[in-house]
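Here's the structure we're looking at; comments come further down.
In this text, all values refer to a predicted model and were calculated from it rather than measured experimentally. Atoms considered below: every heavy atom in the structure, side chains included; atoms not considered: hydrogens, waters and symmetry mates.
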Amino acid sequence: MPGTSALSSSVVLPWLVRLRWVSLAVMLVGAIAASRWWTVRLPWSPLLALLATMATTNVALTSQLRATSLRRGLLGSVLVLDVAALTGWLALAGGPINPFGIVYLVGITIAASTLGLRWASGIALASTLGYGLTFARHRPLDFADPLLAGRVLSLHLFGMWVALAAAAALIAYFVSRMSEAVEERERALTEARGAAARSDRMAALLALGAGAAHELATPLNTISIVAGEIERVVADDRATPADALREVAEHAALVRAEVARCTHVLDQMTGRAQALDADTATATLSDLLDDLRQRLEPNQAARLDLTTPIEPVPLTLPAEALRQVLLSLVRNAFDASSPSQHVSLAVTREPGGLRFTVADTGSGMRDDVVARAGDPFFTTKPGGGNLGLGLFLARTFADQAGGALALQSRPGAGTTVTLDLPSC
């Protein structure tokens with residue numbers, strides 16, 4: 001796991017703590033067995049002091065079980081301490097003749113499994129040097145039974161077999177449990193990625209639906225008004241039949257035009273959904289902004305001031321999603337402005353990406369309203385004039401693209417929305 005400074009303690013630390021407790025138990029049982037069955041006289045005071053030191057550090061590690069991350073330096077220091085304690089243990093109990101030197105491999109395995117090559121190499125080197133020191137300085141085994149002293153080689157070989165079995169069991173247990181824990185985390189991460197993908201898809205569909213609802217609102221409102229006019233004309237007894245038919249025909253033509261407009265919006269929505277599925281809809285910046293202006297009302301398009309980089313800018317982000325976000329921000333700016341005020345959309349190159357700035361000189365918002373402006377279904381328009389999803393979906397898009405959305409506003413001074421997107 002090179003390249004990171006912290007490890008997941010939920011995976012590594014529980015098994016390390018358990019393994020150290022088992023290692024301590026094996027070393028203690030081995031010492032008791034050597035003393036009782038092989039009549040080896042051992043210096044119990046320093047041996048127990050070493051075990052107590054390891055036990056104390058393990059208790060300290062146990063207190064870290066709830067931590068979200070574990071520093072490599074901390075884990076590596078614990079393993080170095082284990083190497084030093086094991087070296088001292090061997091030096092006090094026979095040196096290289098003590099079969100439990102094989103326990104060095106447990107620490108090396110832990111380092112290789114959790115800390116990567118550098119730490120594993122360091123622990124391996126420390127273990128090799130520590131074991132080498134026991135050849136130079138150690139306390140020879142002192143047998144109370146002279147007969148057993150003459151069988152030291154056979155006892156060593158038997159002890160090697162026991163130590164190998166213990167070390168193999170410890171290593172197999174640690175590695176298998178670590179593998180299971182890592183697999184479990186991978187499954188959890190896969191499920192989390194799937195949930196995030198579904199959430200992203202839902203947000204994109206909400207943006208698509210919100211954009212379509214916004215575009216359908218005007219023609220549907222016109223149809224509603226025209227329907228009322230038709231009812232008025234039909235109910236007006238003072239109008240001549242010819243005038244009434246002519247006026248009804250004009251209204252019907254307007255309804256037909258608005259229905260065609262609704263159909264066009266729905267056709268566009270179908271095409272956007274297909275592009276969303278493919279996730280390959282890309283365009284140049286100028287094409288995107290030209291299409292955005294065409295989707296505005298003629299009066300709004302005339303009052304939109306565009307400022308863009310001189311050179312062509314290709315976009316690798318989903319063009320339709322970005323277009324919907326910018327269209328929503330621009331329409332919000334027009335809704336907050338008077339019918340004569342202009343709205344500006346400026347696109348500038350910034351280090352690492354593009355910045356889209358939508359600014360109006362409308363009524364502005366108070367600080368408490370700005371704080372809630374990005375909440376879903378929150379709207380300041382009279383009568384809940386829209387779904388209140390524009391800023392929420394824009395912020396969601398920015399987060400998914402690795403960018404950021406910022407909102408600045410003061411009552412009477414207008415509102416500025418800044419959308420920063422990574423390099424396109």
**Worked check of side chain to side chain contact (heavy atoms under 4.5 Å, CB included) between Glu297 and Arg331** = CA-CA 10 Å; Glu297 295 296 320; Arg331 281 174 170 160; 5.9 Å; no
**Message:** Under the criterion side chain to side chain contact (heavy atoms under 4.5 Å, CB included), I'd like the reasoning laid out for Leu345 against Thr308: C-alpha separation, chi angles, the key distance, then a yes or no.
**Reply:** CA-CA 8 Å; Leu345 169 56; Thr308 61; over 6 Å; no
**Request:** Let me see the working for Leu296 and Leu292 under side chain to side chain contact (heavy atoms under 4.5 Å, CB included), right down to the final yes or no.
**Result:** CA-CA 7 Å; Leu296 293 171; Leu292 182 148; 4.3 Å; yes
**Request:** Go through Leu28 and Leu24 one step at a time and tell me if the side chain to side chain contact (heavy atoms under 4.5 Å, CB included) criterion holds.
**Result:** CA-CA 6 Å; Leu28 181 60; Leu24 287 172; over 6 Å; no
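Look at Arg295 and Asp291 and you find a salt bridge, because one of the NZ, NE, NH1 or NH2 atoms lies within 4.0 Å of a carboxylate O, short of that distance.
Separation of atoms CG (Leu289) and CG (Leu304) is listed at 8.5 Å; rounding is to 0.5 Å. With rounding to the nearest 0.5 Å, the separation of CG in Leu322 from CG in Leu285 is 8.5 Å. Rounded to the nearest 0.5 Å, atoms CG (Leu288) and CZ (Arg323) are 4.5 Å apart. A distance of 11.0 Å separates CG in Leu115 from OG in Ser121, rounded to the nearest 0.5 Å. In this structure, CG on Leu306 lies 11.0 Å from OG on Ser286, to the nearest 0.5 angstrom. Atom CE of Met27 and atom CE of Met54 lie 5.5 Å apart (nearest 0.5 Å).
Heavy-atom minimum distance, Ala394 versus Leu329: CB-CD2, 4.2 Å. A pairwise comparison of heavy atoms in Arg139 and Leu42 identifies NH1-CA, 4.4 Å as the closest pair. Taking every heavy atom of both residues into account, Ser127 and Val83 meet most closely at OG-CG2, 3.6 Å. What you find for Ala91 and Arg137 is that their closest heavy atoms are CB-O, 3.8 Å. The minimum heavy-atom distance linking Val343 with Ser337 is given by the pair CG2-OG, 3.9 Å. Counting all heavy atoms, side chain and backbone alike, Ser409 lies closest to Gly414 at OG-O, 3.2 Å.
The main-chain N or O of Leu90 is never found under 3.5 Å from a side-chain atom of Asn98 such that the two would form a donor-acceptor pair. A donor-acceptor distance shorter than 3.5 angstrom exists from the side chain of Thr134 to the backbone of Tyr131, with no hydrogens or angles considered. Using a distance-only test at 3.5 Å, with no hydrogens or angles considered, no donor-acceptor pair links the side chain of Ser224 to the main chain of Leu220. Judged by distance alone, the side chain of Arg303 and the main-chain N or O of Pro339 form a donor-acceptor pair under 3.5 Å. Of the possible donor and acceptor atoms, one in the side chain of Thr53 sits under 3.5 Å from a partner among the backbone N and O of Ala49. In this structure a side-chain-to-backbone donor-acceptor pair under 3.5 Å is missing from Asp420 to Gly403.
Thr87 and Tyr104 share a side-chain donor-acceptor pair at under 3.5 Å.
Residues Val358 and Asn332 have side chains not in contact (no heavy-atom distance under 4.5 Å, counting atoms from C-beta outward). Two residues are said to be in side-chain contact when any heavy atoms from C-beta on lie closer than 4.5 Å; Pro309 and Val347 meet this criterion. No side-chain heavy atom of Leu419 sits less than 4.5 Å from a side-chain heavy atom of Leu354. Side-chain contact check for Leu92 versus Leu50: some heavy-atom pair is nearer than 4.5 Å. Put simply, the side chain of Leu407 reaches to within 4.5 Å of the side chain of Met365, judged on heavy atoms. Between Val330 and Phe356 there is no side-chain heavy-atom pair separated by less than 4.5 Å. Taking 4.5 Å as the limit, every side-chain heavy atom of Phe334 sits out of range of all side-chain heavy atoms of Asn299. Taking the side chain as every heavy atom from C-beta outward, Gln341 and Asp360 never approach each other to under 4.5 Å.
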What side-chain donor-acceptor pairs closer than 3.5 Å can you find for residues 75-82, not counting sequence neighbours?
| from | atom 1 | to | atom 2 | distance (Å) |
| --- | --- | --- | --- | --- |
| Ser77 | OG | Gly73 | O | 2.7 |
| Asp82 | OD1 | Arg20 | NE | 3.3 |
| Asp82 | OD1 | Arg20 | NH2 | 2.5 |
| Asp82 | OD2 | Arg20 | NE | 3.0 |

